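Just so it is clear, the structure is predicted and the values come from calculations on it, not from any experiment. A note on names: the letters A, B, ... follow the listed sequences, proteins ahead of strands, and every chain is numbered from 1.
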2 protein chains.
Amino acid sequence: MTAPYFTGNGVTIYHGDMLDILPDVTGFDALITDPPYSSGGAFRGDRTKLTVDKYVQGGTATYRPEFAGDTRDQRSFAAWCLLWLNIARQNANPGAVVASFTDWRQLPTLTDAVQMAGWVWRGVAIWHKGFGRAQPGRFSSAAEYVVYGATPDTQPNGDYPPGLFHHPIVRDKVHIAEKPLAVMEWVLRYVPQGGTVLDPFMGSGTTLHAARNLGLTAIGIESDERYCEAAARRLDQQVLPLWEA
Amino acid sequence: MTAPYFTGNGVTIYHGDMLDILPDVTGFDALITDPPYSSGGAFRGDRTKLTVDKYVQGGTATYRPEFAGDTRDQRSFAAWCLLWLNIARQNANPGAVVASFTDWRQLPTLTDAVQMAGWVWRGVAIWHKGFGRAQPGRFSSAAEYVVYGATPDTQPNGDYPPGLFHHPIVRDKVHIAEKPLAVMEWVLRYVPQGGTVLDPFMGSGTTLHAARNLGLTAIGIESDERYCEAAARRLDQQVLPLWEA
DNA sequence: GCCGAGAATGAATCCATCC
DNA sequence: AGGATGGATTCATTCTCGG
């Protein structure tokens, strides 16, 4: 098995391709993640743009590192999600749960993949970002979605997280798609208490950070070494900074 | 063609089976509706009762058998939505739009049906109802969804409706699934100005009521004569009451 | 410290233009 | 049924900064 890139403070980070490492990762109680949406535009030309081009346009925005794996069409996105969702379900502890972010465009594809992978789809939670980019003649898109599910034998954990969570986006992002810490803490309320969380698309490590705040153990996998380094630096600290304003 | 049950004040109501009447209805610019979700309550008893009540017609065709099973439930819901979504698209004016309510469980099925019927799916809007019934170990479900789309040649109408609308549910309902007037007015901001709205699942007539408030013409179809009567009484008035607290 | 005005920004989208 | 690229456009909310 691949050696961890970082261990400490209840956190383990693996650097490498998610599909290579995932088969060897076991003993977790929750798969909580934020995969590349492979969204961004109705046309293949739009979708296959670099993430820095399709998600940060307008000239004035600050440059952020490119991230990989965001160019799949819907069929391959479905097949690819099925792959990791299924491996994770097989390797998870009994009673495990799953929760994954998505946008409106891939929501139906993701609910299909979750169910095909053997999880029981239990619902959709909403992260409301407060505002979206307004466009004439359509509703402004100001939300992202969390598709969540469980194994058939999952026991309720006793918490009652709200189905809609309102929180503004992160301003000084390290990763383009970085989630606010508070948003991840909200989603992690779905995890069995004291359990271990796996995030195979770690990015800047917000899931692991939030897990640590809540007293959960966490495992992250990330293919881009720059993000591994940033996350390790972030999580190596004894007392975690807020990381966000 | 069937004679209208009621006409007046820019409103037309047809009483009868939606699939019988719909092929003869033309000249509308928007299909805005709230069909039976077929996922309704948590219990199969609720579901069965609902479909029996709503879909039994004086004749041969019945839908109840398809709505009993678990798997065929969703498939027949998809096929049935495809049916009316397709007829409506063919009969609509050029540039027409569509918006239909659904709950989380049928959201992927409905987005499929909308697209299979030839509409371009353009997004999901959210009606947040406040607080749903909390259940341990899962996110509380307090939202319903509006799947919206358009024909390929639709021109933007210049309005910028918010993608999330917060409004409490109706207290003194006439119809079980009655939507607040304000919620319908929010959705109708998606309709081309001054256009004609079709609602093939009229119920108590909230869509027509809201359309009239916004200066739109409206057509409703309803299979249950009790609702036709209630809606006609409601819409016959020169000045409409608020209808809700 | 509070308030208001102005600037910045967004897990976009559309479309003209060029290859 | 062409496909890729880049610039213009949009407004609600947040941020910044000065009074």
S.K.: Hey, would you say the B:Trp127 and B:Phe165 ring centroids sit under 6.0 Å apart?
M.R.: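 No: the rings miss the under 6.0 Å criterion.
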S.K.: Between C:dA11 atom P and A:Glu178 atom CD, what is the distance in whole Å?
M.R.: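 Rounded to whole Å, this separation is 11 Å.
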S.K.: Is the gap between the ring centers of A:Phe101 and A:Tyr145 under 6.0 Å?
M.R.: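 When the ring centroids of A:Phe101 and A:Tyr145 are compared, they turn out to be at least 6.0 Å apart.
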S.K.: Pick one: which of B:Thr33, B:Asp34, B:Asp199 meets side chain to side chain donor-acceptor pair (under 3.5 Å) with B:Thr207?
M.R.: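 Result for side chain to side chain donor-acceptor pair (under 3.5 Å) with B:Thr207: B:Asp199.
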S.K.: Please determine whether a side-chain nitrogen or oxygen atom of A:Lys129 lies at a distance below 4.0 Å from atom OP1 or OP2 of D:dA12.
M.R.: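 So the side-chain polar atoms of A:Lys129 never come under 4.0 Å of the phosphate oxygens OP1 or OP2 of D:dA12.
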S.K.: Could you state the CD-P distance from A:Gln106 to C:dA12, rounded to the nearest angstrom?
M.R.: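 To the nearest whole Å, that distance equals 12 Å.
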S.K.: Is there a donor and acceptor pair closer than 3.5 Å between the side chain of A:Lys179 and the base of C:dA11?
M.R.: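 When only heavy-atom distances are counted, A:Lys179 does reach the base of C:dA11 through a donor-acceptor pair under 3.5 Å.
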S.K.: B:Phe165 has an atom CZ; how far is it from atom P of D:dA12, in whole Å?
M.R.: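 Going from CZ in B:Phe165 over to P in D:dA12 covers 15 Å.
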S.K.: With the side chain of A:Trp104 defined as its heavy atoms from C-beta on, choose the nearest nucleotide among C:dA11, C:dT13, D:dC15.
M.R.: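 Among the listed nucleotides, the one closest to the side chain of A:Trp104 is C:dT13.
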S.K.: Determine the contact category for A:Tyr37: base if any of its heavy atoms lies under 4.0 Å from a base atom, sugar-phosphate if only primed atoms, P, OP1 or OP2 are that close, otherwise nothing.
M.R.: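 Base, at least one base atom sits under 4.0 Å.
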S.K.: Please pick, from C:dA12, D:dC15, C:dT13, the nucleotide with the shortest atom-to-atom distance to any side-chain atom of A:Arg105.
M.R.: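 Nearest listed nucleotide: C:dT13.
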S.K.: Which whole-number value in Å describes the distance from A:Arg133 CZ to C:dA12 P?
M.R.: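 Distance, rounded to whole Å: 7 Å.
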S.K.: Rounded to whole Å, how long is the line connecting atom CD of A:Glu144 with atom P of C:dG10?
M.R.: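 That distance rounds to 13 Å.
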S.K.: So with a 6.0 Å cut-off around CD of A:Gln193, is the heavy-atom count from everything else above 12?
M.R.: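 Count not over threshold, so no.
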S.K.: Hey, which of these two, A:Asp34 or B:Gln155, hits DNA chain C nearer its 5' end, going by closest nucleotide?
M.R.: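 Its nucleotide being nearer the 5' end, the pick is A:Asp34.
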S.K.: At under 4.0 Å between heavy atoms, what does A:Pro35 touch on the DNA or RNA strands: base, sugar-phosphate, or nothing?
M.R.: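 Answer is base: heavy atoms of A:Pro35 come under 4.0 Å of a base.
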S.K.: Given that both distances must come in under 3.5 Å, which nucleotide forms a Watson-Crick or G-U wobble pair with D:dT10?
M.R.: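 When the pairing criteria are applied, nothing turns out to pair with D:dT10, so the answer is none.
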S.K.: Please compare A:His128 and B:Tyr160 by the position of their nearest nucleotide in DNA chain D and report the one closer to 5'.
M.R.: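 It is B:Tyr160 whose nearest nucleotide is closer to the 5' end.
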S.K.: Would you mind checking if A:Arg226 and A:Asp224 are paired as a salt bridge, meaning a charged N to carboxylate O distance below 4.0 Å?
M.R.: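 Salt bridge: yes.
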S.K.: Suppose we define a pair by two distances each less than 3.5 Å, Watson-Crick or G-U wobble; what does C:dA11 pair with here?
M.R.: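 Looking at the geometry, C:dA11 pairs with no nucleotide.
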S.K.: OH of A:Tyr145 versus C1' of C:dA11: gap in Å, rounded?
M.R.: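 It works out to 13 Å between those atoms.
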S.K.: For A:Ala134 and for B:Arg122, locate the closest nucleotide of DNA chain C by heavy-atom distance; then report the residue assigned to the nucleotide nearer the 5' terminus.
M.R.: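 Going by which nucleotide is closer to the 5' end, it is A:Ala134.
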S.K.: Nearest of C:dA12, C:dT9, C:dA11 to any side-chain atom of A:Ala177?
M.R.: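 Nucleotide nearest to A:Ala177's side chain: C:dA11.
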S.K.: Rounded to whole angstrom units, what separation is found between the CG atom of A:Asp172 and the P atom of C:dT9?
M.R.: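 So the two atoms are 10 Å apart, to the nearest Å.
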S.K.: Remember a base hit wins even if backbone is also touched, and classify B:Pro162 as base, sugar-phosphate or nothing at under 4.0 Å, heavy atoms.
M.R.: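 Counting heavy atoms under 4.0 Å across all strands, no contact is made by B:Pro162.
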S.K.: How close or far is atom P of C:dT9 from atom CD of A:Gln135, stated in whole angstroms?
M.R.: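 Those two atoms, CD and P, are 19 Å apart.
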S.K.: If only side-chain N and O atoms of A:Arg138 are considered, is one of them under 4.0 Å from the OP1 or OP2 phosphate oxygen of D:dC11?
M.R.: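 No, outside the criterion.
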S.K.: Hey, does A:Glu229 have a side-chain heavy atom less than 4.5 Å from the side chain of A:Tyr227?
M.R.: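 They are not in contact (no side-chain heavy atoms under 4.5 Å apart), so the answer is no.
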S.K.: Kindly say if A:Lys173 contacts the phosphate of C:dA11, meaning a side-chain N or O under 4.0 Å from OP1 or OP2.
M.R.: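 The answer is yes; a side-chain N or O of A:Lys173 sits under 4.0 Å from OP1 or OP2.
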